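Just so you know, these numbers come straight off a predicted model, no measurement behind them. Letters go in sequence order (proteins before strands), and every chain restarts at 1.
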There are 2 protein chains.
Amino acid sequence: MASGKHVKEMETLKEHLAKHQLKFTRQRELILGAFLRQEHITAEAMYHQLAKTDPHLGLATIYRTLNLFCDAGLAQARHFGSQTQYDNISHKGHHDHLICTGCGKIVEFENCDIERLQEEVAVRNGFTIQTHRLELYGLCSRCRH
Amino acid sequence: MASGKHVKEMETLKEHLAKHQLKFTRQRELILGAFLRQEHITAEAMYHQLAKTDPHLGLATIYRTLNLFCDAGLAQARHFGSQTQYDNISHKGHHDHLICTGCGKIVEFENCDIERLQEEVAVRNGFTIQTHRLELYGLCSRCRH
DNA sequence: ATCATTTTGAGACAGCTTATCAATTTCAAC
DNA sequence: GTTGAAATTGATAAGCTGTCTCAAAATGAT
């Protein structure tokens with residue numbers, strides 16, 4: 001099928017399936033391919049996205065499969081607002097947000113020093129970080145008057 | 001009423017109410033008092049807690065009021081699992097969270113260095129920080145096996 | 001090809017949160 | 001202190017996400 005792009009992840013999935021007596025299906029292959037193209041996505045969004053090419057792919061199957069990816073260590077569920085975001089673990093370059101409470105403007109940033117300190121905090125508490133979320137709320141220069 | 005314990009927060013609430021043509025009610029005062037005694041709580045938990053002394057306080061009112069506190073900057077909503085936790089902002093400065101994606105355990109921490117770096121990022125982008133949210137997701141020592 | 005086992009799809013169902021609306025409360029103006 | 005427009009409340013209905021159910025289909029070892 002589709003090029004040798006996501007071979008490593010496909011292998012990870014197959015290993016997980018084998019280890020748990022689960023089967024490799026057309027749907028699981030399809031959903032993994034679509035998932036790996038995203039940085040993060042909701043089940044609903046993927047449902048609509050895949051409906052174009054696969055109208056009969058059920059929403060329940062997508063939920064089940066994304067949760068399977070979490071078990072296999074390929075994805076990570078994050079609850080955001082009222083929905084669950086499934087983050088692509090293999091996708092690096094995490095970006096954090098500065099959010100203006102006045103006008104809603106969002107500025108993305110990255111800061112290695114902060115990430116390093118986060119790692120220290122985690123280790124000190126016996127945690128292994130998978131992902132994180134950092135949002136700074138405040139007023140941008142325009143809104144501060 | 002209840003001692004001069006949460007005067008500052010009560011003032012913050014009253015200012016917010018005045019600014020938005022909202023009214024100061026018995027329920028809002030009651031819920032704020034109960035809320036400030038917690039570090040974080042769910043609407044459901046507060047409902048049961050307050051039911052002992054106020055059996056006719058509606059769940060919808062608690063949700064509405066906790067969301068109001070978020071608008072007023074007294075609370076911050078955090079979605080975990082299928083529920084929403086309302087964090088008490090005023091509680092000892094600001095605490096961030098280490099969240100175990102395996103068992104749901106939450107460890108709170110504070111780190112001045114991270115806060116300082118956040119401030120730097122904000123200044124560099126012309127922002128004045130009002131509050132922030134930092135959540136580290138990963139596996140705790142037990143769940144890592 | 002056979003067949004036990006797993007998976008799928010569609011919809012029913014369940015948990016958490018918000019919307020609805022008549023009755024009540026607040027509060028500013030008398 | 002009354003009055004009355006506007007906001008709030010409580011009870012419940014409705015909405016949204018996500019999971020469960022189960023008959024039909026697909027998988028994969030033999």
How long is the line joining [atom1] of [X] and [atom2] of [N], in whole Å?
| X | N | atom1 | atom2 | result |
| --- | --- | --- | --- | --- |
| Leu68(A) | dT6(C) | CG | C1' | 12 Å |
| Phe24(B) | dT8(D) | CZ | P | 13 Å |
| Tyr86(B) | dT18(C) | OH | P | 5 Å |
| Leu17(A) | dG28(D) | CG | P | 9 Å |
| Glu29(A) | dA26(D) | CD | P | 16 Å |
| Met46(B) | dT17(C) | CE | C1' | 16 Å |

Does a nitrogen or oxygen in the side chain of Gln27(A) sit under 4.0 Å from OP1 or OP2 of dA26(D)? no

OP1, OP2 of dT17(D) versus side-chain N and O of Thr84(A): anything below 4.0 Å? no

Between Arg26(A) and Asp54(A), is there a side-chain N and carboxylate O pair less than 4.0 Å apart? yes

Taking only the side-chain heavy atoms of Asn67(B) (C-beta and beyond), determine which of dT9(D), dG9(C), dT18(C) contains the nearest atom. dT18(C)

Looking only at side-chain atoms of Lys23(B), point me to the closest of dT26(C), dT17(C), dG18(D). dT26(C)

Spell out yes or no: do the side chain of Arg64(B) and the base of dG10(D) have one donor N/O and one acceptor N/O closer than 3.5 Å? yes

NA contact type, Leu59(A), heavy-atom cut-off 4.0 Å: base, sugar-phosphate, or nothing? nothing

